[in-house]
Structure formats: C-alpha cells, structure tokens
*Asks:* 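The following block contains the structure, expressed as structure tokens.
Throughout, numbering of the chain's residues begins at 1 and tracks the sequence.
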Amino acid sequence: LLQLHSGEQITTMLRLPENSAEGFITMVTKQGVIKRTALSAFANIRKNGLIAITLNEGDGLAWTGITHGEDEILIATRGGQAIRFSEAGARSVGRGAIGVRAIRLAAGDTVVGAGVLRQGASVLTVTEEGKGRRTRTEDYRIQNRGGKGIRNYGAKGSVAGIRIVDDEDDIILISLAGVLIRMHVSDINFQSRYGSGVRVMRLGEDDRVVTVARTERSE
C-alpha cells in the first residue's frame with residue numbers, strides 16, 4: 001500500500017472529513033513537540049508520500065489528529081504528566097517544518113498520547129499495568145503551551161495511553177502478548193487526577209497494555 005523508506009513505520013491512520021480542505025493535521029511527537037499544518041497542504045499526495053514533519057534525531061510521532069483551529073488539546077506522558085492548551089498557541093507551519101515545544105518533559109519521560117477535548121467528554125487514562133479511570137476535563141486547567149503540565153497519574157505504574165471518551169463509547173485494550181478486550185466506557189469509574197484507577201485488564205506475567213483505542217458502543 002505504501003512505499004516506505006528504510007526505517008519508517010506507520011504510526012497513525014486518519015479518516016479525513018468530507019471537506020478535507022478545511023482544518024489542520026496536528027502532530028505531537030514522543031519528545032513533546034507539536035506541529036500544525038493545513039489539511040490543504042496534503043491535497044495532492046504522490047504515490048511515495050509527502051513529508052509531513054521534520055523530526056529531531058531519536059524522535060517519533062506519538063499522536064496525530066484533525067483539528068479545526070480553535071480546539072483544546074490534552075497531551076499526556078508515560079510518567080504521569082499532562083498539559084491542556086489551545087491549539088492556536090502553536091501556529092500553523094509548512095510540511096517541512098519541525099514544530100514547537102508542546103510540553104517540557106522530565107528526564108526519561110515521553111509522550112504517550114493526546115486528544116482533542118470536547119463538550120461533555122472525559123479523559124480516560126490507562127496504565128501499562130492494566131488500571132484505568134475516567135477524569136472530568138475540568139480537572140485539567142488550561143495552561144500555556146510549552147510548560148511542564150500538571151499531574152495526571154501519580155500512583156505506581158506507567159501510563160500506556162489516554163483517550164477522550166463519551167459515556168456511549170467502548171474501548172479496546174491490547175496487551176504486548178496480543179490479548180485484546182473490549183468494554184463499555186460507562187463501566188469505568190470517575191476519579192480525580194490523583195486516583196489510581198480500577199482494574200480494567202488482567203495481565204499475565206511480563207505482559208503490559210500497549211494500545212488503547214476508542215470505538216462505538218456495541219451491546
């Protein structure tokens with residue numbers, strides 16, 4: 001399907017809106033860089049692809065999504081930090097640009113996910129050890145882009161990922177060993193940013209959660 005260069009791998013697949021000339025492709029890297037580029041810049045993609053972002057050495061994409069110019073973005077790290085800011089704080093740039101600092105990371109920390117906040121939704125945080133909790137978006141105050149953020153998860157364990165979810169959603173969790181489970185978001189408790197969460201996936205020895213996906217509810 002894609003003619004990838006040596007060392008490249010697919011990290012995200014996006015479904016474009018009907019009017020794909022409006023909005024932005026917003027990218028967040030593992031090292032905490034954010035970049036926004038107008039969707040119109042990707043109108044004519046050649047068979048061998050187009051450069052979407054210039055990455056610093058050792059960096060890679062952690063999240064990519066469609067934004068609309070005035071959205072609020074929440075970025076979370078493996079070490080339990082999070083930052084919420086307006087996407088307008090990161091000006092739109094061309095395809096070949098590097099981007100700007102979204103969150104300042106502590107030594108050894110890395111970005112594990114991001115999402116666009118919306119009215120009535122909540123923030124689902126899932127740890128590598130299989131614990132999860134929902135937190136109301138108002139618990140995350142708006143800050144300026146480029147800061148250290150605030151605490152998102154401080155209990156024992158590392159964050160595997162976050163998703164912005166609604167009560168009517170399901171989530172799918174996949175472990176390193178290839179085990180997959182699906183559950184209703186409404187079955188996961190609300191807790192504060194200081195809550196350790198509840199068990200959402202039981203894992204075997206040396207296994208850990210590696211993927212958190214949001215999908216439509218199924219009975």
Side-chain angles (χ1 to χ4, degrees), residues 11-12 24 26-36 56 59-68 70-90 99-167 169 171 173 185 188-201 208-214:
T11 59
T12 302
F24 302 86
T26 299
M27 294 160 274
V28 178
T29 77
K30 295 177 181 179
Q31 293 179 359
V33 172
I34 185 171
K35 179 191 172 185
R36 292 195 307 139
N56 294 318
D59 203 358
L61 284 178
W63 177 85
T64 305
I66 305 296
T67 59
H68 302 92
E70 297 182 354
D71 289 330
E72 291 179 0
I73 296 174
L74 183 78
I75 296 174
T77 77
R78 187 174 187 268
Q81 291 294 105
I83 191 168
R84 174 184 181 179
F85 61 90
S86 171
E87 68 167 299
V100 293
R101 176 65 52 192
I103 184 170
R104 196 164 300 280
L105 300 172
D109 203 1
T110 184
V111 172
V112 292
V116 177
L117 298 178
R118 58 183 180 275
Q119 189 70 31
S122 58
V123 180
L124 171 70
T125 300
V126 178
T127 71
E128 293 180 349
E129 292 74 26
K131 287 192 172 183
R133 59 135 216 266
R134 286 188 291 162
T135 304
R136 291 175 173 82
T137 57
E138 53 264 34
D139 284 7
Y140 301 85
R141 68 179 185 273
I142 297 177
Q143 298 179 281
N144 293 325
R145 172 190 60 78
K148 294 181 179 180
I150 59 176
R151 175 178 176 175
N152 175 45
Y153 192 84
K156 183 179 179 181
S158 300
V159 175
I162 66 161
R163 287 292 180 269
I164 310 303
V165 295
D166 301 300
D167 284 349
D169 290 334
I171 60 163
L173 306 177
V185 164
I188 302 174
N189 294 343
F190 277 98
Q191 295 184 3
S192 74
R193 292 187 290 108
Y194 297 90
S196 60
V198 297
R199 176 67 57 188
V200 293
M201 186 173 191
R208 60 185 172 88
V209 176
V210 293
T211 301
V212 183
R214 168 185 173 236

*Asks:* Any side-chain heavy atom of F190 sitting closer than 4.5 Å to one from R134?
*Replies:* yes
*Asks:* How close do A90 and I34 get, counting heavy atoms only, and between which atoms?
*Replies:* CB-CG2, 3.9 Å
*Asks:* What pair of heavy atoms forms the shortest contact from I83 to A102, and how long is it?
*Replies:* CD1-O, 3.7 Å
*Asks:* Is there a donor-acceptor pair under 3.5 Å between the side chain of E87 and the backbone N or O of H68?
*Replies:* yes
*Asks:* More than 12 foreign heavy atoms under 6.0 Å from CZ of R151: is that the case here?
*Replies:* yes
*Asks:* Got a salt bridge between K148 and D109, using NZ or NE/NH1/NH2 to carboxylate O under 4.0 Å?
*Replies:* no
*Asks:* Please find the pair of heavy atoms, one from A82 and one from N152, that lie closest to each other, and give the distance.
*Replies:* CB-CB, 3.6 Å
*Asks:* Can you tell me how far the CG atom of D71 sits from the OG atom of S86, to the nearest 0.5 Å?
*Replies:* 8.0 Å
*Asks:* Does a side-chain N-to-carboxylate-O contact under 4.0 Å join R193 and D139?
*Replies:* no
*Asks:* Where is the tightest heavy-atom contact between I171 and L173, given as atom of each residue plus distance?
*Replies:* CD1-CD2, 4.0 Å
*Asks:* In terms of side-chain geometry, is the basic nitrogen of R214 or D166 positioned less than 4.0 Å from the acidic oxygen of its partner?
*Replies:* yes
*Asks:* Between T29 and V111, is there a side-chain heavy-atom distance shorter than 4.5 Å?
*Replies:* no
*Asks:* If the threshold is 4.0 Å, N to carboxylate O, is there a salt bridge linking R78 and E128?
*Replies:* yes
*Asks:* Using a 4.5 Å cut-off on heavy atoms from C-beta on, say whether the side chain of V126 contacts that of R163.
*Replies:* no
*Asks:* Treating R84 as the side-chain partner and Y140 as the backbone partner, does any N or O pair qualify as donor plus acceptor under 3.5 Å?
*Replies:* yes
*Asks:* Please check if the side chain of D59 supplies one atom and the backbone of K30 the other of a donor-acceptor pair under 3.5 Å.
*Replies:* yes
*Asks:* Measure the spacing between CZ of R104 and OG1 of T77 and express it to the nearest 0.5 Å.
*Replies:* 14.0 Å
*Asks:* When you measure from the side chain of Y153 to the backbone N and O of Q81, does any donor-acceptor pair fall under 3.5 Å?
*Replies:* no
*Asks:* Please answer whether the main-chain N or O of I164 pairs with a side-chain N or O of R118 as donor and acceptor at a distance below 3.5 Å.
*Replies:* yes
*Asks:* With rounding to the nearest 0.5 angstrom, report the CG to OG1 distance, N189 to T135.
*Replies:* 11.0 Å
*Asks:* Would R36 pass as a cation-pi partner of F24, given that its NZ or CZ must be under 6.0 Å from the six-membered ring centre and within 45 degrees of the axis?
*Replies:* yes
*Asks:* In Å and rounded to the nearest 0.5 Å, what is the CG to CD1 distance from L74 to I162?
*Replies:* 4.5 Å
*Asks:* Would W63 and V116 count as a side-chain contact (heavy atoms from CB on, under 4.5 Å) here? Give the steps.
*Replies:* CA-CA 11 Å; W63 177 85; V116 177; 4.0 Å; yes
*Asks:* Minimum heavy-atom separation for R133 to G195, with atom names?
*Replies:* NH1-O, 2.8 Å
*Asks:* Is it the case that over 12 heavy atoms from other parts of the model lie below 6.0 angstrom from the CD atom of E70?
*Replies:* no
*Asks:* Given 3.5 Å as the limit, does a donor-acceptor pair link the side chain of R101 with the main chain of R145, or not?
*Replies:* no
*Asks:* Quick check: closest heavy atoms across S122 and T137, and the distance to 0.1 Å?
*Replies:* CA-CG2, 4.1 Å
*Asks:* Any chance you could lay out the side-chain contact (heavy atoms from CB on, under 4.5 Å) test for L61 and T12, step after step, and finish with the verdict?
*Replies:* CA-CA 9 Å; L61 284 178; T12 302; 5.6 Å; no
